[in-house]
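Numbered from 1 within each chain, the chains take letters A, B, ... in sequence-line order. Since the model is a prediction, treat every value here as computed from it, not as a measurement.
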Amino acid sequence: MNSGPLLFLGLFATMACSWTGFVLAPQLQLGGLAQTNTVVVGDVLPQTYPLAQPGEAHAGSEVYRANGCAACHTEMVRPLDLGSDIQRSWGVRRSLAEDYLFANPVMLGSQRIGPDLANFGQRTDTNGVYLRLYDPGLITHGSVMPPYRFLFETRKIGFFPSPDALVLPDRDAPPAGFEIIPTEKARALAAYLLSLRQDGYLFEAPPPPLAKTNAIATNAVPAVKPAAK
Amino acid sequence: MNPGEPNKVVNQKDAEPVAGRSTVPIWLIIVFGLLFYWSQLFLAENAGGFNKEVYKPYPSFEEVAAANPQDPEAKQRAEGLRVYSSTCAACHQASGLGNPGNNVPPLAGSEWVQAEGGNRIAHIVLYGLTGPINVKGQDFNGGTMLPWRETYTDEQIAAVLTYIRSQWGNKGGPVDSQVVKAARAEARPTYETPDELLKIPVK
Amino acid sequence: MNVTVSPAPIISPASSQSQKVGSAASCPVGMLTLFAGAILWLLCASLLGLTTSLNFHAPTLLAGHGYLSYGRVHAAQNAALLYGFGVPSALGLGLWLLCRLGRTTLAGPAIVFIGAIFWNTAVTLGVGAILCGGGTGFEGFEMPAWCAPILFLSYLMIGLCALLTFHQREPGPLYPSQWFVVGSLFWFPWIFSTAALLLLCVPARGVLQATTAWWYARNFDTVFLGFAGLASAFYFIPKILGRPLHSHYQAALAFWTLALFGSWGGMPDGAPLPSWIISLGVVGTVLMAVPILTVATNFYQTVREDLNTLDADPTLRFTYVGLFFWVIAGAQQIVGALPPVSVVTDFTWFGPAQKELFRYGFFAFTVFGAIYYIVPRLLDLDQSAWHPKLFKWHFYLTFFGVLISYISLLVAGIGQGILLANTGNSFVDVMRRTVLPVRSIITGDLLVALGTILFLINFASVLATACRRCCAERKESA
């Protein structure tokens, strides 16, 4: 181990090993992922999945990125037996590589100071998103999420109140004659958050056996753990 | 002086450290070996055969495939829907009600569709139809249905026939692809009139 | 191996060349800039860390225009710590060790200086941009895309000087620190360029961005910073104790296994990836036990007879405490990778606890120890240039600060994990119940920040001493 060139060669070999295993091989396997069909479940018939992100949602993902939302929120659901994600109604099934096909940038996050957002679009609506951004403490008492009031503007009510004006309780209400409306960024962010859904079972994450009924598959979690192992 | 043993040396100012020649203790090698062995067992059980479609908790591709709905009926219905939506619904509509204004007969509630067997409708799909046809007491004149024998396989045609026979409240059993295969073997001319149709056995 | 080593005292005699290293003749400005910048950035990171901790006491306090909101400040803190403090101190350390062990002078000191200026400029602009909303959203790689080329070029400049310095070394056997330094210098451009290409230039498709980001973060911490810190430990502990390192072969085993296994991993257990990627990561992380055990036994055997004197020297104290933290952080990482544990601890404060201990407890401490030794020698002073009282306060404040932060994060993480595993507890409930340890992190951050300020003052006083002496010499010769 006294030769410089040998040292470099050895380092190159170990680096190549790691690079091949974690950069090249995943690229070869997952780089060619394309849209696929969801799995037939009872009466729910196959659909194309995933669908491309609408434009405003992409702009919203930029707002998400700029404000570092991934510092507190993850966007990945773990399988049924590995963690309590599905029991918490954070998703119907685990997240797969297919789910992020059209996401750019992909901000999976690594910490849950706040709940997981992979299926946030299924849990809320536009108004709920705006309220949570404007005053998180309103929805969740004692929340540590900072308010994002700079995404909204307070302006004088014109002839008629704006249809987008937030309906706020007294503690947050604007002064008389003023209304609070979301800015472009808030709208985009809301569009992005509402586009976050990972429904439809895929080949890699098939439905649990009990979901095979004639009813449309819902977010209901099977009472018994699937026997398939 | 045993070369394997490091000496206590005098602290000389500006002396640079050197490394002694002690060997790696055997217990460390054993630990390494054990951990390596464990890692191979772990990978055998948890790496899913390095298959890109195997995600936790499934240990292998076979288990993932087995966990997917195996019901051939469900698969056939899915294929039938796909064919219907992409080709038939353009004229017969997704609701199966057809388009009387354009001489497209309905499939929903149609006695032709709900016949005892699917042979007759298999012929219609394979070879096409011109000329008037009476469905549910209504006459449809002047419409043309294209032949689909070049476009779809026997299984696909059987799937779409099964689909229309069980959809929209229709009461009809599944159609086997053998029926379609036999109908295809007859190698009829391209178009048929309804008079000839009634001569075809239903089953 | 080198057979010229005789049974006689196995130390290498001093070479007159090595005395030139760090003297004014070899122009220390480059290395000093790297170290000074690093300390300033460490302080900056500590203050940003304080700001993030404040969020858990009063989330509405700094929410105003978004510049100081948690997400942005957290990203800025990471950038300041890793790129402002981590890389420059690793470079400065590496350059000095290559000079010393190669018994040569630094090649291209002016280029090192320019590179350091460029690097620090890029980091300053990058951190500012993150606070204004320009962050990339990738943990460990937060600075905007336009920073990457500047950083890469500056690194190449400094790295080239290091390569030349290594090349012009005196012939002889390589000491383990040299392997580690060359290893860390080699590793960074590879992982950085891969990440820059696949995340920023030609973004990879879908989830591959996440795999690249995780791979990069793991390699940066465990391999790049790990190599740099261990290089320092391998040099200073035997050097100051006046003993040889116990085993060359154990050091070699540790080196290659760290390079091989430390670079595998970083994917959380529930990530949306095929199971083989995650399992390979688990295997790599668990096999890290080999380098950790090897290094631990190697050093234990080296210092076994001098355990009482370990506290005597500032460098020694910081270095061996740092090494101790490295072992604990590594052990925690291994335990946290095992599937039964990671199911509970993933996505909780457990991960940040390990990172805090590794980056502050191990790497920062090792760098402190190195700076206490290197800087006086760069300025032709000796150890007495440091104020002993400031050093003592620096040590105890940072030691207890790191300990408090680490234990708070660990308790919060394990508590959060165990409570969340029970589906009867709502998420909000769990957050409320773990808020107390999370709030106590600020105490640790405060102590670390104070300790760093004292270190900065001490550092400045050493520089001032050198300046005064230089002025006095100039007056005499005039």
Looking at A/Leu30, A/Val77, A/Asp135, which one has more heavy-atom pairs under 4.5 Å with chain C than the rest?
-> A/Leu30
Contacting moiety of A/Leu151, where chain C heavy atoms sit under 4.5 Å = neither
What is the distance from atom CZ of C/Arg432 to atom OG1 of A/Thr140, rounded to the nearest 0.5 Å?
-> 7.5 Å
OG1 (A/Thr74) and CG (C/Asp346) are apart, to the nearest 0.5 Å, by 10.0 Å
Other residues, nucleotides, ligands: >12 heavy atoms within 6.0 Å of C/His167 NE2 = no
Interface moiety of A/Gln29 toward chain C, non-hydrogen atoms closer than 4.5 Å | side chain
Is there a side-chain contact between A/Asn67 and C/Arg72, using heavy atoms and a 4.5 Å cut-off?
-> yes
Between C/Leu163 and A/Phe8, does a side chain to side chain contact (heavy atoms under 4.5 Å, CB included) hold up when you go through it step by step?
-> CA-CA 11 Å; C/Leu163 198 62; A/Phe8 279 103; 3.4 Å; yes
One option among C/Gly206, C/Ala259, C/Pro339, C/Pro340 has the most heavy-atom pairs under 4.5 Å with chain A, and it is C/Gly206
Looking at A/Met15, A/Met145, A/Met107, which one has more heavy-atom pairs under 4.5 Å with chain C than the rest?
-> A/Met15
Under 4.5 Å from any heavy atom of chain A - which part of C/Pro171 = neither
So which of C/Thr194, C/Thr434, C/Val223 has the biggest tally of heavy-atom pairs under 4.5 Å with chain A?
-> C/Thr194
Do you know which of C/Ala210, C/Gly351, C/Ala204, C/Ser263 has the most heavy-atom pairs with chain A at a distance under 4.5 angstrom?
-> C/Ser263
Residue among A/Phe102, A/Trp19, A/Tyr148 with most heavy-atom pairs under 4.5 Å to chain C = A/Trp19
Under 4.5 Å to a heavy atom of chain A? For C/Glu142 that would be neither
Okay, C/Leu280 and chain A: the region with an atom under 4.5 Å from a heavy atom over there is both
Under 4.5 Å from a heavy atom of chain A, the part of C/Leu185 involved | neither
Identify the heavy atoms of A/Met76 and C/Ala271 that sit nearest to each other, and give their distance.
-> SD-CA, 3.9 Å
Looking only at heavy atoms, which two atoms of C/Leu260 and A/Cys17 are closest? And how far apart?
-> CD1-SG, 4.1 Å
Give, for atom CZ of A/Arg149 and atom OG1 of C/Thr60, the distance between the pair rounded to the nearest 0.5 Å.
-> 8.0 Å
If you look at every heavy atom in C/Thr423 and A/Gln87, which pair is closest and at what distance?
-> CG2-CB, 3.4 Å
Whatever's closer than 4.5 Å to a heavy atom in chain C on A/Val63 counts as neither
Are the side chain of C/Arg205 and the backbone of A/Gly32 linked by a donor-acceptor contact shorter than 3.5 Å?
-> no
Worked verdict on A/Ile113 versus C/Trp349 for side chain to side chain contact (heavy atoms under 4.5 Å, CB included) = CA-CA 8 Å; A/Ile113 304 176; C/Trp349 291 103; 3.5 Å; yes
A/Phe22 ring center near C/Trp214 ring center (under 6.0 Å) | no
Winner by heavy-atom pair count (cut-off under 4.5 Å) against chain A, out of C/Phe56, C/Phe138, C/Trp187, C/Tyr70 | C/Trp187
Given the options A/Pro105, A/Cys69, A/Gly142, which has more heavy-atom pairs under 4.5 Å with chain C than any of the others?
-> A/Pro105
Distance (rounded to the nearest 0.5 Å) between C/Trp179 CH2 and A/Leu7 CG | 8.5 Å
Nearest heavy-atom approach of A/Gly10 to C/Trp256 is C-CZ3, 3.3 Å
Under 6.0 Å from the OH atom of C/Tyr67, do we count more than 12 heavy atoms belonging to anything else shown?
-> no
Which of C/Val430, C/Leu199, C/Leu131, C/Ile277 touches chain A most, by non-hydrogen pairs under 4.5 Å = C/Ile277
Closest non-hydrogen atom pair, A/Ala71 against C/His74 = CB-CD2, 3.9 Å
Pairs of heavy atoms under 4.5 Å with chain C: top-ranked of A/Ala118, A/Pro147, A/Ala205, A/Pro136 | A/Pro147
Please state whether the side chain, the backbone, both or neither of C/Tyr175 comes within less than 4.5 Å of a heavy atom of chain A.
-> neither
Does atom CZ of A/Phe12 have more than 12 heavy-atom neighbours from other groups under 6.0 Å away?
-> no
Taking side chain as C-beta onward, heavy atoms only, is C/Val207 less than 4.5 Å from A/Asp99?
-> no
Would you confirm whether A/Gln111, through its side chain, and C/Phe347, through its main-chain N or O, come within 3.5 Å as a donor-acceptor pair?
-> no
Please look at C/Asp269 and chain A and tell me whether the side chain, the backbone, both or neither of the residue comes under 4.5 angstrom of a heavy atom of that chain.
-> side chain
Could you go through the side chain to side chain contact (heavy atoms under 4.5 Å, CB included) check for C/Gln209 and A/Asn104 one step at a time?
-> CA-CA 9 Å; C/Gln209 288 183 19; A/Asn104 188 15; 3.0 Å; yes
By a 4.5 Å heavy-atom criterion (distance strictly below it), what part of A/Leu82 contacts chain C: side chain, backbone, both, or neither?
-> both
Which pair of non-hydrogen atoms, one from C/Gly133 and one from A/Ala66, has the smallest distance, and what is that distance?
-> O-CB, 3.0 Å
Look at C/Val344, C/Val73, C/Leu62, C/Thr136 and state which one has the largest set of heavy-atom pairs under 4.5 Å with chain A.
-> C/Thr136
Under 4.5 Å to a heavy atom of chain C? For A/Val23 that would be side chain
One option among A/Ser84, A/Pro146, A/Gly21, A/Gly109 has the most heavy-atom pairs under 4.5 Å with chain C, and it is A/Pro146
Find the distance between CG (C/Leu198) and CD (A/Gln27) and round it off to the nearest 0.5 Å.
-> 7.0 Å
A/Ser18 vs C/Trp215, side chain to side chain donor-acceptor pair (under 3.5 Å): CA-CA, chis, key distance, verdict = CA-CA 9 Å; A/Ser18 154; C/Trp215 173 83; 2.7 Å; yes
Look at atom NZ of C/Lys355 and say whether more than 12 heavy atoms of other residues, nucleotides or ligands are closer to it than 6.0 Å.
-> yes
For C/Val182, is it the side chain, the backbone, both or neither that has a heavy atom under 4.5 Å from a heavy atom of chain A?
-> both
From C/Phe427 CZ over to A/Arg112 CZ, what is the distance, rounded to the nearest 0.5 angstrom?
-> 7.5 Å
